[in-house]
Amino acid sequence: MVTSFKPTFVSDALLKDAAYVNGKWIKKSEQVFEVTDPATGEVIMKLPDQDVEIVDEAIDAAYSAFKTFKNSTVRQRATWLRKLYTLMMDNIEDLGKILSWENGKPLAEGIGEIKYAASFFEWYAEEAPRIYGTTITAGIETNRVFTRREPVGVCGIICPWNFPSAMITRKAGAALAAGCTIVLKPDSQTPLSALAIAHLAHEAGLPAGVFNVVLSHTRTPEFGIKLCESPKVRKVSFTGSTAVGKILMKQCSSTLKKLSFELGGNAPLIVFEDADMDKAVDEAVACKFRGLGQTCVCANRFYVQESIMDEFASKFAEKVKKFVIGHGLKEGVTHGCMINPKAIEKVEAHSKDAIEKGAKVVVAGGRLPDLGPTFYSPTVLSHVPQSADVASQETFGPLCAMIPFKTAEEVVGYANDTEVGLAAYVFSKNIDTIYTVSEALETGMVSCNTGVFSDSTVPFGGVKESGFGREGSLHGIEDYTVIKSTIIGGLPKRM
Ligand SMILES: NC(=O)c1ccc[n+]([C@@H]2O[C@H](COP(=O)([O-])OP(=O)(O)OC[C@H]3O[C@@H](n4cnc5c(N)ncnc54)[C@H](O)[C@@H]3O)[C@@H](O)[C@H]2O)c1
Ligand SMILES: O=CCCC(=O)O
């Protein structure tokens, strides 16, 4: 078993053991839940497992704060966001350690996520002063028309465990820049990163009630209902599975909220025979193993042109065999553990199914009981048939399934044969192939000749059952605003 690991921090101030509502830390609760290190199972922190009334309290605080915050100047909001960015960067080591400790990803990846997360505060500090309306030539001669983007109101934000920091800042940055206030419910497996951000929001001087974090392990669905059904909440932004997204959408119908949903993916990574093979292998490895395959935009299925399948699989396998798997906070470890033992079951089921349907085992992989119940060494399979479950369902783990194809038309058909459409990857040196295939893919994002594209400047989001709305980029802020049209009538006709 991996040995227990308690990181040392520059300052313990970021490690919080309470919820944050209306500018105050709230520890009082009849019940607690344990946040554990997924690598060892050891308890990191006990947090209040709050009653559902706390959601009403947080919504009321956010509702009341919105009345003033919506009228803060764009420069004030930019200053708060810039301060948050600077505070995150000043505390990057401690934030990275907290994130890796509760999530299991290696420290280098944890620190990489903090940089990525902070970049959304930086980006939205720059976007806050760039909220524009339009003036429109009215159809009625005596009218004048102009529009203004107003903040939508209180936002309920529900985030997953796989990016405990970046999924929060990508939403919160845009919401705060637009002038919205928020009630955040982090995943109970990784709430410490959220609380650390709340601490920094407090330090940055955000007014009480603007940024609230509520905590629950046993009452998550009830918390969701409250956020979805409260008439005081005007928007729900959710990142997580498609199944939960559908539940939340139904719940939100009672108050017809504005929604942004970043849901499940099933990314195809397509390698044509004219691709730069070594580059494609490196990029494919980087793409597949962000968060050990537990990333919504990780390649879920590799489509490799038949003529290069064996060479690609063997080069890919060589890289995978060099992984050093262990506790994410241990020096030299390249890949950490899964979030929980259950996450391994789908990897095993999809591997078994593909092998039964004729796939060739290139790297067997499998559980690593000597390290602990959340450790799994990646499985690499080639010659997987398109009928395998992995082709149509998201594994969300370290299974690399390579499916052969002959033509561009055939692979586009395979790639699009799924209910979801988040990201896709295309590797080819032929610019015609890059354009035509990327245009034909039914996904919100297509990454060409690179396996890692995430960046605050990119409009991030999906199509089909991967959800709607775009986060980051110039579009991210729009999702937290509504257009107000003002019509002034009774004016003279134009001269
Ligand atoms: N599109 C994206 O940007 C993106 C990013 C990360 C993860 N994901 C997707 O998320 C899935 C994996 O994450 P997961 O297992 O944590 O997903 P999940 O849907 O089970 O959980 C996501 C969050 O929702 C909460 N939740 C669950 N049921 C709820 C309910 N009834 N009401 C309110 N909240 C509820 C969970 O506690 C968690 O915080 C994958 O499908 C992945 O592709 C998508
Ligand atoms: O898992 C989802 C988010 C990943 C990313 O932002 O690149």
Side-chain angles (χ1 to χ4, degrees), residues 38 103-105 160-163 189 239-245 262-271 284-304 313 316-317 319-320 323 325 335-368 373-404 414-425 443 447 451-452 462 464-466:
N103 168 281
K105 59 178 82 172
W161 48 267
N162 67 337
F163 281 75
Q189 293 168 104
T239 293
S241 63
T242 296
V244 172
E262 301 280 356
L263 309 176
N266 177 9
L269 186 148
I270 305 170
V271 188
V285 169
C287 175
K288 178 67 221 181
F289 292 104
R290 273 181 85 204
L292 209 62
Q294 303 169 110
T295 302
C296 56
V297 292
C298 274
N300 194 55
R301 349 161 235 167
F302 294 81
Y303 289 106
V304 184
F316 188 95
K319 304 265 174 197
V320 168
F323 287 2
I325 299 173
H335 293 80
C337 62
M338 302 288 282
I339 188 68
N340 54 42
K342 194 158 172 36
I344 295 177
E345 288 171 16
K346 207 163 179 193
V347 179
E348 289 180 325
H350 281 183
S351 304
K352 184 167 173 281
D353 168 76
I355 294 166
E356 280 170 7
K357 288 177 179 156
K360 194 167 134 192
V361 179
V362 184
V363 181
R367 288 182 189 255
L368 297 169
T374 51
F375 285 92
Y376 188 93
S377 176
T379 297
V380 182
L381 305 176
S382 68
H383 301 275
V384 174
Q386 173 67 9
S387 59
D389 290 346
V390 65
S392 57
Q393 298 165 28
E394 184 184 34
T395 311
F396 222 55
L399 164 64
C400 313
M402 301 182 187
I403 303 170
Y414 286 165
N416 288 342
D417 188 17
T418 173
E419 296 304 319
V420 291
L422 191 58
Y425 302 83
T443 58
S447 177
V452 180
K464 294 158 76 174
E465 293 193 11
S466 286

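This chain uses plain numbering: 1 for the first residue, then up along the sequence.
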Between K319 and A284, is there a donor-acceptor pair closer than 3.5 Å when you use the side chain of the first and the backbone of the second? no
CG of L269 to SG of C298: how many Å apart, nearest 0.5 Å? 10.5 Å
Flag side-chain contact, heavy atom, 4.5 Å: V320 against P398: no
Taking the side chain as every heavy atom from C-beta outward, state whether T443 and L422 have any pair of such atoms under 4.5 Å apart. no
Given side chains that start at C-beta, do those of Q294 and K105 come closer than 4.5 Å, heavy atoms only? no
Worked verdict on K346 versus L399 for side-chain contact (heavy atoms from CB on, under 4.5 Å): CA-CA 9 Å; K346 207 163 179 193; L399 164 64; over 6 Å; no
Is it the case that the side chain of T374 and the backbone of N340 share a donor-acceptor pair, with hydrogens and angles ignored and the cut-off at 3.5 Å? no
Could you tell me whether the side chain of R290 reaches within less than 4.5 Å of the side chain of V297, counting heavy atoms only? yes
Kindly indicate whether the side chain of P38, heavy atoms from C-beta on, has any atom under 4.5 Å from the side chain of Q189. no
Would you indicate whether the side-chain heavy atoms of C400 and F302 approach each other to under 4.5 Å? yes
Between N266 (side chain only) and N300 (backbone N and O only), is there a donor and an acceptor less than 3.5 Å apart? no
Checking side-chain hydrogen bond (donor to acceptor under 3.5 Å, both in side chains) between Q393 and each of E419, R301, H350, which is the one that passes? H350
Donor-acceptor under 3.5 Å (N103 side chain, I339 main chain): no
Validation row: F396, N162 side chains within 4.5 angstrom (heavy atoms): yes
Any heavy-atom pair between the side chains of K464 and V420 that's under 4.5 Å? no
Spacing of S351 atom OG and E356 atom CD [to the nearest 0.5 Å]: 11.0 Å
